[in-house]
Amino acid sequence: MQDLLRAKVVAEPGPASPATVAGLDVAYSADDDRLAAAVVVLDAADLTVRDTAVVRGKPAFRYVPGLFAFREVPALLDALDRLTVRPEVLVCDGHGLAHPRRFGLAAHLGVLTDLPSFGVGKTRLVGSWDPVGEPRGSRSALVDDGEPVGAVLRTQDRVKPVFVSVGHRIDLDTACALTLRLSPRYRLPETTRAADRVCRDLLS
DNA sequence: GCGACAG
DNA sequence: ATCTTGTCGC
């Protein structure tokens with residue numbers, strides 16, 4: 001299915017200055033099999049919240065590296081359906097093309113919604129990279145099987161870098177620039193932090 | 001056969 | 001993803 005959907009990924013420059021950006025995340029119950037999926041739309045100019053949608057659900061699939069999207073996509077699509085503000089970009093918690101078949105969660109959500117999307121991951125799934133400079137904004141190419149699949153990007157001085165990769169209808173430079181703009185103070189973009197907070201709250 | 005392995 | 005315990009820095 002990933003090999004088929006991958007053909008629908010569109011490579012284009014993408015919005016350099018979107019008015020709205022959405023963060024998506026899922027939280028899981030410790031004792032239950034319940035989950036909560038959240039989408040938070042922020043004003044890209046001042047990072048204030050423009051819209052929020054959260055849904056409760058069950059994991060659609062067990063966690064398998066490389067098949068992660070099948071677990072979270074159904075709940076995230078439910079949440080996206082409940083938005084009243086249509087975001088211009090999706091910032092996903094996971095990888096886009098930095099995936100064994102070049103079709104991670106961010107690419108999957110981008111294709112299904114046809115919205116520009118990219119992934120910001122906390123750890124690597126595939127690829128290797130040279131050491132990243134210590135200053136915020138430094139980056140190193142993430143390479144897998146000789147192909148550039150993303151960037152390892154430092155969002156704060158001397159803080160562990162994040163993994164940025166393209167999903168759909170956006171390019172890597174634009175995705176990295178947006179990630180930095182969305183991360184003025186912490187390692188992770190405010191989009192991800194806002195969504196994480198919201199779905200964690202609904203769960204507890 | 002032994003590691004690696006988004007969240 | 002979630003849990004635990006402690007440590008560091010503002």
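Below, read A as the first sequence line, B as the second, and so on, with proteins coming before strands; counting in each chain starts at 1.
The nearest whole Å value for the distance from the CZ atom in A/Arg158 to the P atom in C/dC8 is 17 Å.
Between A/Arg139 and A/Asp173, the closest side-chain pair of non-hydrogen atoms falls below 4.5 Å.
Every stem involving DNA chain C, taken as at least 3 paired positions in a row under the Watson-Crick or G-U wobble test at 3.5 Å, would be listed here, but there are none.
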Notebook entry, point to check: Could you walk me through whether A/Arg187 and A/Gln156 pass the side-chain hydrogen bond (donor to acceptor under 3.5 Å, both in side chains) check?
Noted result: CA-CA 6 Å; A/Arg187 179 190 179 220; A/Gln156 299 298 326; over 6 Å; no
Item checked: Residue pair A/Asp51, A/Thr84: steps toward the side-chain hydrogen bond (donor to acceptor under 3.5 Å, both in side chains) verdict -> CA-CA 7 Å; A/Asp51 195 11; A/Thr84 59; 3.1 Å; yes
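Applying the ring pair (Phe, Tyr, Trp, His ring centres under 6.0 Å) test to residues at least two apart or on different chains, none of the pairs has a partner in residues 6-51 of chain A.
Here A/Asp33 contributes atom CG and A/Lys58 contributes atom NZ; the two are 4.0 Å apart, rounded to the nearest 0.5 Å. Atom-to-atom distance recorded for A/Leu76:CG and A/Asp25:CG is 8.0 Å, nearest 0.5 angstrom. The line from OG1 of A/Thr179 to CG of A/Leu172 is 9.0 Å long, rounded to the nearest 0.5 Å. Atom CZ in A/Arg71 sits 10.0 Å away from atom CZ in A/Arg62 (nearest 0.5 Å).
Between A/His95 and A/Phe163, the angle of the ring planes goes over 60°, which puts this pair in the perpendicular group of the 30/60° scheme.
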Next item on the list: Using a 4.0 Å heavy-atom cut-off, write out nucleotides 2-7 of chain B from 5' to 3' as B (base contacted by protein), S (sugar-phosphate only) or - (no contact).
Entry: --SBBB
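Counting heavy atoms of neighbouring residues, nucleotides and ligands inside a 6.0 Å radius, atom NZ of A/Lys8 does not exceed 12 of them.
Cluster annotation: A/Val26 is connected to A/Phe68 through the hydrophobic network of ILVMFWY side chains, with a link wherever side-chain heavy atoms come within less than 4.5 Å.
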Margin query: Once pairs are restricted to Watson-Crick or G-U wobble with both distances under 3.5 Å, how does DNA chain B read as a dot-bracket string, [ ] for crossings and | for other-strand pairs?
Written below: .......
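Annotation: proximity of residues 32-39 of chain A to DNA chain B (heavy atom, distance under 4.0 Å) is found for no residue.
In this structure, the salt bridge (charged side-chain N to carboxylate O under 4.0 Å, His left out) partners of A/Arg169, at least two apart in sequence or on a different chain, are A/Glu12, A/Asp114.
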